[in-house]
Amino acid sequence: MSDERRDSLQAKTRYDPAEVERRIFAEWMEGGYFHPPAEGTAEESFSVAIPPPNVTGALHMGHALNGAMQDALVRMQRMRGRNTLWLLGTDHASIAVHAVLEKELRAEGTSRQELGREAFLERAWAWKEEYGSRIVEQLQRLGASCDYDRERFTLDESYVRAVHRVFRQLFDKGYIYRDNYMVNWDPGSRSVISDLEVENREVEDTLYSIDYPVEAAERVLTVATVRPETMLADTAVAVNPDDERYTDLVGRHCVLPLVGRRLPIVADDHVDPEFGTGALKITPGHDPNDFEIGRKYGLEEIGVIGSDGRMSEEAGERFAGMTAAEAREVVVEALREEGLLRAEEPYVHSVPFSHRSGERIEPLISLQWFCRMDELAKPAIEAVERDEVRIAPAQWKRVYLDWMNNIRPWCISRQLWWGHRIPVWYCDACEETFVAEEPPRRCGVCDGELRQDEDVLDTWFSSALWPFATLGWPDDTPELRAFYPTDFLTTARDILFLWVARMVMTALEFTDRVPFRDVYVHSVIQARDGRRMSKSLGTGIDPLEEIDVHGADALRFGLLAMSSTQDVRYSDAKVQQGADLANKLWNASRLILLNVNSERNQSPLNARQGQVPAGAGDGTSARLPAPSPVRVEDRWILSRLERTIASVTELLESYDFAHAVQEAYSFFWSELCDWYLEIVKPRLYDGEPEVSATLLWALERVLALLHPTMPFVTEEIWSYHPAREGHLAVHPFPEPDESLFDPGAEADVEAGIELTRRLRAWRDLVEVPVASVLAARVDGVEPQEFVARLARFEFEQDGGDPIASVGPVRVFSSAELPAEAVAARLENRRAELRSEVERGERKLADEGFVAKAPAEVVEEERGKLERYRAELEELSE
RNA sequence: GGGCGCGUAGCUCAGUGGGAGAGCGCUCGCUUCACACGCGAGAGGUCGCUGGUUCGAAACCAGCCGUGCCCACCA
């Protein structure tokens, strides 16, 4: 280390992430570590496709958590020397982009319709170029080791080819078809949306009961509805076939009030005789249930509400042009005048809203493109049943399977412009339809002009191809060979159906492989008060602000530490814990690096594994073996370190990030810093070579172990390590060395620690001044050297009569020891011990326990009882 | 209507059959030459309630109470 470097290390008593992070990130990028060559096979390499954020998106906590998890696993594999790709990209997000741009256009007093398709798309591309990479830059702030040189976009030219190929093949198989069907019309985005983009909310409406006169009879049928305006589109009335009140009416007709249309009275099981009067008005044009019933009985389908949300010509002159809400009032008023409005009552029920625009869904019949999913689902169900795709935690496997087993056709067309335009062309002259991957020039039948379908595909149709389309499919590219299938996917559960299930289906259909081996469904991070984090509620917490204040490592540690298999509240304390850990790492490293006797400065980690990390030095310099510790505390810390490496690694590999980081934290803080460093300080200051070697070895391994979760601070500290030959980002990840496990050393040092603790506690209780060193004798085995030093005792043979016992330590009286406090403390301890002895005796007197409990449990109980008895006897002398 | 989850220290959460844990907060004592974003020592829980299984239950089973989420076509 140069003198300047040493001085700066000496001077910085606090770790400052803001100063470090951008510099370190730039070094990684310069090293090209995140841009793997497209070589080898997918089995050899390690790859992850990032869940592509929307181009309109800004980094939110969900991205940050997901990023922290992916980066931890990706970095670990990269350090292990795998050819590692974390594929980055963004999603074109049709609806979101439309929302942004149309808002802009409205502010300018115009609209996309006025602008026209071509100009709108130009504007959309310009917007994408300007803002689309914002989230990518934000991922860099997090330290995400994505391949920034291989960024993909779901509207890339090659991606478009993949989409067209998939569309045509599904069409050829008869899975994709065009139909007039009941769809979810979103007046907000003025497009159809799929069932998965609809959310139901409880709403209080008014339930109206309306009398429908029966034709040629004095009777009326009273029907109930929350949407009286849709009665204009009624084409039947239904009753339950078992409902005796109406048996005689089935097959006859009602007369629709205000309209005069004759409505057949049909019988159908769907009608609940208990609800209202047991008679249901049927509106196939505007209600999904009624639509099904209508198709079943071949009823007329009338649409009275248009896609603009206004009443159409079909509704009649009186209503045409009104909004649905206006029409409702007029209809109700007219019914009231005619004396047909039987009742109005408040009614709470669930109503569909658009997840995207937030507006109430208008169900209507429309000519749209659909994709049958049942055949595609079959292999995707089997793959998960057979654990070829493993979903964790386990309950999500069943949720996935339940949904897949009840899958319904998917409406894939959208009345939008930004997106993959549907690759279908129509010939108006001969009414022929062409589906093609490349735009056909003329009609193949009559040579007439062709007109492309106006609509675009659901954004999720293209996202469903993400893991392979980003790697060049349908071409057989080196990237595809090297990195597909990918290894895992981490995601929040809200896109399990929307995205994950569809990727599994398309991957199996088009590549014959599962797209990834593991799916890990992670926590949703809620706001501090337990509410959803959302922009509209104002409950969002900005990860970038957190990074500004605490550093990326702190945020990453905090998110991983708070994560769980269930939803958790955002915890400032956990982020602070991460910041504290970064600072502690920095300062403990300063202690080591500024005080070691650095004659031996090679890398033990490299030596043991014999690896030369990519991007590291030439790999030819001499390597030293692991330190061969002579002192028991050295053997202890090395043993604990290796065990920690083993368990942290195992926890990371099983996606248990919270326990992984907390285990690393507690080893480092409690064992390495609080005990080992305190124990060895005198040897370190003395310049003893053995302890220096042990400390440098331990530091190297701790930094490497923590690098996947806290990449910046570990990389920065590593830059001062004498064994450094290259960046930590590509340094070997530690493998646990079981030959260093040492149960004997662990037991010995832990006993010393325990005694030290008891001595300190005793001092505190008798209120002896902190600085005073107490004289005492030890009966039995002499404790380790550090016990007396850290507890501020001096062990000697002679000092008169002991006035107190703490374990084997007999404390001599001295002026600083208040006799009364000592006596009180002694009595307290005796009382404690008596109760412990009593408890043990009671338990061992229980015949059931002695007879049925496992022998080792009983033995343990006996041992404890013996120890307590012995101590009590000692104190009673 | 169906499904899944949760209820443990003041707060946020771990803990799946052998004496209740962590972080933060709180109390007391320390400016001890890595770190006051620190060090040492403490206080604080009838583990939602009621039954059951077991020698032994925070953990397993049943019921209840409270709470969150997902799915679902009763107007």
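Each chain gets a letter, A, B and so on, in the order its sequence line appears, and its residues count up from 1.
Heavy atoms of A:Tyr868 sit under 4.0 angstrom from at least one base atom. At the heavy-atom level, A:Val271 lies under 4.0 Å from base atoms of the strands shown. Nucleic acid contact class of A:Lys281 (heavy atoms, under 4.0 Å, all strands): none. Using a 4.0 Å heavy-atom distance criterion, A:Glu836 is classed as a base contact.
Side chain A:Gln566 to base B:G68: no donor-acceptor pair is found below 3.5 Å. Within 3.5 Å, no donor on the side chain of A:Arg763 pairs with an acceptor on the base of B:G40, nor the reverse.
Base pairing of B:G68: its partner is B:C4, meeting the Watson-Crick or G-U wobble criterion (both donor-acceptor distances under 3.5 Å). Checking B:C49 for Watson-Crick or G-U wobble geometry (two distances, each under 3.5 Å) identifies B:G63 as its partner. Across all strands shown, B:C26 pairs with B:G42; the Watson-Crick or G-U wobble distances both stay below 3.5 Å. Remark: B:U16 base-pairs with no nucleotide in the shown strands. Criterion, Watson-Crick or G-U wobble with two distances under 3.5 Å. Across every strand in view, B:U32 sits unpaired, with no contact that passes the Watson-Crick or G-U test at under 3.5 angstrom. Base pairing of B:C37 is not made with any nucleotide, judged by Watson-Crick or G-U wobble geometry with both donor-acceptor distances under 3.5 Å.
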Please write out each protein N/O paired with an N/O of nucleotides 54-57 of chain B under 3.5 Å, distance rounded to 0.1 Å.
{"unit_1": "B:C55", "atom_1": "OP1", "unit_2": "A:Lys852", "atom_2": "NZ", "d": "2.2"}
{"unit_1": "B:C55", "atom_1": "O2'", "unit_2": "A:Asp846", "atom_2": "OD2", "d": "3.2"}

Report task. Any chance you could list the contact pattern along nucleotides 69-74 of chain B? Use B for base contacts, S for sugar-phosphate-only contacts and - for none, protein heavy atoms under 4.0 Å, 5' to 3'. Result -> S---BB
Report task. Let me have a per-nucleotide readout for nucleotides 22-38 of chain B, 5' to 3', with B, S or -, counting only protein heavy atoms under 4.0 Å. Result -> -SS----S----BB-BS
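Candidate nucleotides B:C4, B:A41, B:A14 were compared by shortest atom distance to the side chain of A:His659, and B:A14 ranks first.
On the C1' atoms, B:A36 is 43 Å away from B:C69, given to the nearest whole Å.
With sequence neighbours excluded, the residues satisfying salt bridge (charged side-chain N to carboxylate O under 4.0 Å, His left out) with A:Glu301 are A:Arg295.
The nearest whole Å value for the distance from the CZ atom in A:Arg842 to the C1' atom in B:G19 is 11 Å.
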Without placing hydrogens or testing angles, list every side-chain donor-acceptor pair under 3.5 Å for residues 843-859 of chain A, not counting sequence neighbours.
{"unit_1": "A:Asp846", "atom_1": "OD1", "unit_2": "A:Gly848", "atom_2": "N", "d": "2.9"}
{"unit_1": "A:Asp846", "atom_1": "OD1", "unit_2": "A:Phe849", "atom_2": "N", "d": "3.4"}
{"unit_1": "A:Glu859", "atom_1": "OE1", "unit_2": "A:Arg862", "atom_2": "NH1", "d": "3.4"}

Identify each donor-acceptor pair in which a side-chain atom of residues 582-594 of chain A lies under 3.5 Å from a protein atom, sequence neighbours left out, and give them as a table.
{"unit_1": "A:Asn583", "atom_1": "OD1", "unit_2": "A:Tyr15", "atom_2": "N", "d": "3.0"}
{"unit_1": "A:Trp586", "atom_1": "NE1", "unit_2": "A:Lys12", "atom_2": "O", "d": "2.8"}
{"unit_1": "A:Asn587", "atom_1": "OD1", "unit_2": "A:Arg590", "atom_2": "NH1", "d": "2.7"}
{"unit_1": "A:Asn587", "atom_1": "ND2", "unit_2": "A:Thr13", "atom_2": "O", "d": "3.1"}
{"unit_1": "A:Asn587", "atom_1": "ND2", "unit_2": "A:Asn583", "atom_2": "O", "d": "3.1"}
{"unit_1": "A:Ser589", "atom_1": "OG", "unit_2": "A:Leu585", "atom_2": "O", "d": "2.5"}
{"unit_1": "A:Arg590", "atom_1": "NE", "unit_2": "A:Leu9", "atom_2": "O", "d": "2.9"}
{"unit_1": "A:Arg590", "atom_1": "NE", "unit_2": "A:Lys12", "atom_2": "O", "d": "3.2"}
{"unit_1": "A:Arg590", "atom_1": "NH2", "unit_2": "A:Gln10", "atom_2": "O", "d": "2.9"}

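In terms of phosphate contacts, A:Ser564 brings a side-chain nitrogen or oxygen within less than 4.0 Å of OP1 or OP2 of B:A14.
With A:Trp410 as the aromatic partner, A:Arg502 meets the cation-pi criteria of under 6.0 angstrom to the ring centre and within 45 degrees of the ring axis.
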